[in-house]
S.K.: 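Sending over a structure as structure tokens; questions will come in a sec.
In this text the structure is predicted, and so the values were computed from the model without any measurement. Every number for a ligand or one of its atoms is a count from 1 in the order of the listing.
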Amino acid sequence: MKPTLWHILGAGSLGALWATRLARAGLPVRLILRDAARLDAYQGKGGLTLSEQGQRQTFAIAAQTADASEPIQRLLVACKAYDAQRAVASIASRLSHGAEILLLQNGLGSQDAVAATVPQARCIFVSSTEGAFRDEDFSVVFAGQGLNFLGDAQQGAAPDWLGELLAAGIDHQWTTAIHERLWRKLALNCAINPLTVLHACRNGGLQAYAGEVSALCEELIQVLQCCGQPRAAEGLQGQVNQVILATAANYSSMYQDVAQGRRTEISFLLGYICESAVRHACHAPQLNRTRVQLIEHLKAKGLPSD
Ligand code: NAD
Ligand code: KPL
């Protein structure tokens, strides 16, 4: 039987990282690009390039725009959280019966918005600790080994194609506790990323603001508990300190977005946490203050604050 085609929506860092590894394993892949101009630019490049351990390899993966007619059975959504729902809506009419959609977005909120847009599809949530960045257009550097946790909201059985990820060298684990994973990563990102932007420092620089980190962690633990995620709260403070030490020399993803003048995913990180706290009548003054400060900071830089 022919393997199912992987459609990849968004050829940025993670989209390219997945597409090139799947293609390298001989699996059929199709990129869906934003518009005809991006498709022209991609064709001019002759493919997607992966840099891994100093080796560069280009893969001539076929590409199309959302208005192509080819049916979609398996889709990887690799856009930013704020683009995901609109991007999925643009291909919704192409989804086959029983289509599966993998959602790679950080934070929370965008996954539910996508699931509501395409209720006919099975949405699989992915929490990724891999790291990648673009060194040029359509060229990605695999910067940090990690693991992809996959699961769905129904705590359903693992799909039968996980062997394809194994063949492609994409480290993964199926979990029935994907929400716990997503909440935990959300909490880690909320404890670290906004403070690195506000204090203009690397992750390790937060050691000088231990009191602020600790106050945010205490509130995050309370919010997680109020939101029915007590397991995601366990040992949060200790893990945040560990991540700060282990990634001391790195700039957080939000710091990098701001430094490069890019929109952040604030609404799906601090925004989501603060709104969840309100919904559950959970007092979170420090998180709210940090969110307001971050919004002011983004506005002052002329960046979108949503
Ligand atoms: P990115 O900005 O590099 O790539 C997103 C791509 O989506 C861009 O190429 C953009 O043009 C494209 N896109 C947007 N709307 C589109 C549309 N309608 N149709 C087609 N393409 C569209 O972002 P990224 O770094 O790959 O991040 C993607 C998600 O993965 C984010 O939520 C991010 O937080 C998460 N994530 C990233 C990393 C990482 O190391 N890069 C790690 C873990 C999680
Ligand atoms: O995931 C991260 C990020 O920068 O987005 C870490 C390193 C955990 C910091 O929150």
S.K.: Do any heavy atoms of E130 fall under 4.0 Å from ligand 1?
M.R.: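 A heavy atom of E130 does come that close to ligand 1.
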S.K.: How close does the nearest protein non-hydrogen atom get to atom 44 (C) of ligand 1, and which residue and atom is it?
M.R.: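 Atom 44 (C) of ligand 1 sits closest to the protein heavy atom L14 CD1, 3.7 Å.
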S.K.: Is R134 close to ligand 1, meaning an N/O of one under 3.5 Å from an N/O of the other?
M.R.: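 Yes: some nitrogen or oxygen of R134 is under 3.5 Å from one in ligand 1.
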S.K.: What is the closest protein heavy atom to atom 9 (C) of ligand 2, and at what distance does it sit?
M.R.: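 Answer, as residue, atom name and distance: N193 OD1, 3.1 Å.
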S.K.: Can you list the ligand 1 atoms lying under 4.0 Å from a non-hydrogen atom of G131?
M.R.: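 Numbered from 1, ligand 1 contributes 40 (O).
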S.K.: Would you call K45 and D137 a salt bridge, taking side-chain N to carboxylate O under 4.0 Å as the test?
M.R.: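 No, this pair does not count.
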S.K.: Is the contact between D83 and ligand 1 made by the side chain, the backbone, both, or neither, using heavy atoms and a 4.0 Å cut-off?
M.R.: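 It is the side chain that gets close, since no backbone atom is under 4.0 Å.
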S.K.: Which atoms from ligand 1 have a heavy atom of A78 less than 4.0 Å away?
M.R.: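 Per the distance check, 4 (O), 5 (C), 6 (C), 7 (O), 28 (C).
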S.K.: Compute the shortest N/O to N/O distance between L33 and ligand 1 and return yes if it is under 3.5 Å, no if not.
M.R.: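 No: no nitrogen or oxygen of L33 is under 3.5 Å from one in ligand 1.
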S.K.: In the protein, which heavy atom is nearest to atom 7 (C) of ligand 2, and how far is it?
M.R.: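 Closest protein heavy atom to atom 7 (C) of ligand 2: N203 ND2, 3.9 Å.
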S.K.: Are R56 and D135 within salt-bridge range, i.e. N to O under 4.0 Å?
M.R.: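 Salt bridge present between R56 and D135.
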S.K.: Nearest to atom 3 (C) of ligand 2, what protein heavy atom do you find, and at what distance?
M.R.: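 Answer, as residue, atom name and distance: S253 OG, 3.4 Å.
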S.K.: Considering only non-hydrogen protein atoms, determine which one is nearest to atom 35 (C) of ligand 1 and report residue, atom name and distance to 0.1 Å.
M.R.: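 Looking at atom 35 (C) of ligand 1, the protein heavy atom closest to it is L104 O, 3.8 Å.
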S.K.: Taking distance alone, with no angle check, do S13 and ligand 1 share an N/O pair under 3.5 Å?
M.R.: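 S13 vs ligand 1: N/O contact under 3.5 Å present.
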S.K.: Between R184 and Q239, is there a side-chain donor-acceptor contact under 3.5 Å, judged purely by atom types and distance?
M.R.: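 Q239 vs R184: donor-acceptor pair found between side chains.
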S.K.: Looking only at distances, can you tell me whether any N or O atom of S128, backbone or side chain, sits closer than 3.5 Å to an N or O atom of ligand 1?
M.R.: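 No, since none of the N or O atoms of S128 sits under 3.5 Å from an N or O of ligand 1.
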S.K.: Below 3.5 angstrom, do we get any N/O pair linking L9 and ligand 1?
M.R.: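 No - when backbone and side-chain N and O of L9 are compared with those of ligand 1, no distance drops under 3.5 Å.
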S.K.: Do we see a donor-acceptor contact under 3.5 Å between the side chains of Q229 and E180?
M.R.: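 No, no side-chain donor-acceptor pair sits under 3.5 Å.
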S.K.: Under a 4.0 Å heavy-atom limit, does A81 contact ligand 1 with its side chain, its backbone, both, or neither?
M.R.: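 It is the backbone that touches ligand 1; the side chain stays farther off.
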S.K.: Quick check on H280: does its NE2 atom have over 12 non-hydrogen neighbours (other residues, nucleotides or ligands) under 6.0 Å away?
M.R.: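 Above 12, so yes.
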S.K.: Numbering the atoms of ligand 2 from 1, which are under 4.0 Å from a heavy atom of V243?
M.R.: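 Per the distance check, 8 (C).
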S.K.: What are the atoms of ligand 1, with element, lying closer than 4.0 Å to any heavy atom of Q105?
M.R.: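 Here the atoms of ligand 1 in question are 32 (O).
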S.K.: So, T196 versus S252: side-chain donor-acceptor pair below 3.5 Å or not?
M.R.: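 Present: a donor and an acceptor within the cut-off.
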S.K.: Does one side chain, of N148 or S128, offer a donor that lies under 3.5 Å from an acceptor on the other?
M.R.: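 Yes, side-chain donor-acceptor contact under 3.5 Å.
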S.K.: If you count the non-hydrogen atoms of other residues, nucleotides and ligands that lie under 6.0 Å from CD in Q55, is the total more than 12?
M.R.: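 Not buried by this count: 12 neighbours or fewer within 6.0 Å.
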S.K.: Is the closest side-chain donor-acceptor distance between H97 and Q120 under 3.5 Å?
M.R.: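 No, because no side-chain N or O of H97 sits under 3.5 Å from a partner of the opposite role on Q120.
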S.K.: Determine, step by step, whether N203 and T247 satisfy the side chain to side chain donor-acceptor pair (under 3.5 Å) criterion, reporting the C-alpha distance in whole Å, the side-chain angles of both residues, the deciding distance to 0.1 Å, and the verdict.
M.R.: CA-CA 6 Å; N203 293 351; T247 62; 2.9 Å; yes
S.K.: Quick check on contacts: which atoms of ligand 1 are under 4.0 angstrom from a heavy atom of I32?
M.R.: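 The atoms of ligand 1 under 4.0 Å from a heavy atom of I32 are 20 (C).
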S.K.: What I want to find out is whether E219 reaches R289 closely enough, with some N-O distance under 4.0 Å, to be called a salt bridge.
M.R.: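 Salt bridge: no.
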S.K.: For atom 23 (O) of ligand 1, what is the closest protein heavy atom, and at what distance to 0.1 Å?
M.R.: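 Scanning the protein heavy atoms, the shortest distance from atom 23 (O) of ligand 1 goes to K80 CE, 3.5 Å.
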S.K.: For the rings on H199 and Y209, is their centre-to-centre separation under 6.0 Å?
M.R.: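 Close enough - the centres of the two rings lie under 6.0 Å apart.
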S.K.: What protein heavy atom is closest to atom 6 (C) of ligand 2, reported as residue, atom name and distance in Å?
M.R.: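 For atom 6 (C) of ligand 2, the nearest protein heavy atom is N189 ND2, 3.9 Å.
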S.K.: Using a strict cut-off of 4.0 Å, indicate which atoms of ligand 2 neighbour a heavy atom of S252.
M.R.: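 So the answer, numbered in order with elements, is 4 (O).
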S.K.: Please tell me whether L294 and L220 are part of a single hydrophobic cluster in this structure, the criterion being side-chain heavy atoms less than 4.5 Å apart.
M.R.: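 Yes, because L294 and L220 connect within a single hydrophobic cluster, where side-chain heavy atoms sit under 4.5 Å apart.
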S.K.: Does atom CZ of R231 have more than 12 heavy-atom neighbours, drawn from other residues, nucleotides or ligands, at distances under 6.0 Å?
M.R.: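 Atom CZ in R231 is not packed in, count stays at 12 or less.
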S.K.: Taking Q105 for its side chain and C79 for its backbone only, find out whether a donor-acceptor pair lies under 3.5 Å.
M.R.: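 Yes.
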S.K.: Just to confirm my output: which protein heavy-atom neighbour is closest to atom 6 (C) of ligand 1, and how far is it?
M.R.: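 Checking every protein heavy atom, the shortest distance to atom 6 (C) of ligand 1 gives G12 N, 3.7 Å.
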S.K.: Does even one non-hydrogen atom of S90 get within less than 4.0 Å of ligand 1?
M.R.: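 In this structure, S90 fails to qualify as a contact of ligand 1 - no heavy atom is under 4.0 Å.
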S.K.: Would you mind finding which of A87, A84, G15, S110 brings a heavy atom closest to atom 17 (C) of ligand 1?
M.R.: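 Nearest option to atom 17 (C) of ligand 1, by heavy atoms: A87.
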S.K.: What protein heavy atom is closest to atom 29 (C) of ligand 1, reported as residue, atom name and distance in Å?
M.R.: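 Result: C79 O, 3.5 Å.
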S.K.: What is the closest protein heavy atom to atom 32 (O) of ligand 1, and at what distance does it sit?
M.R.: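 The protein heavy atom lying closest is E265 OE2, 2.7 Å.
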S.K.: Starting from atom 10 (C) of ligand 1, locate the nearest protein heavy atom and write down its residue, its atom name and how far away it is, to 0.1 Å.
M.R.: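 Ranked first by proximity to atom 10 (C) of ligand 1 is R34 NH2, 3.6 Å.
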S.K.: For a salt bridge (Lys or Arg N to Asp or Glu O under 4.0 Å) check, start with the C-alpha distance between R291 and E275, then their side-chain angles and the critical distance, and finish with the verdict.
M.R.: CA-CA 11 Å; R291 180 185 180 208; E275 280 160 26; 3.7 Å; yes
S.K.: Among all protein heavy atoms, pick out the one at the shortest distance from atom 12 (C) of ligand 1; state its residue, atom name and that distance to 0.1 Å.
M.R.: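 Closest protein heavy atom to atom 12 (C) of ligand 1: G10 CA, 3.8 Å.
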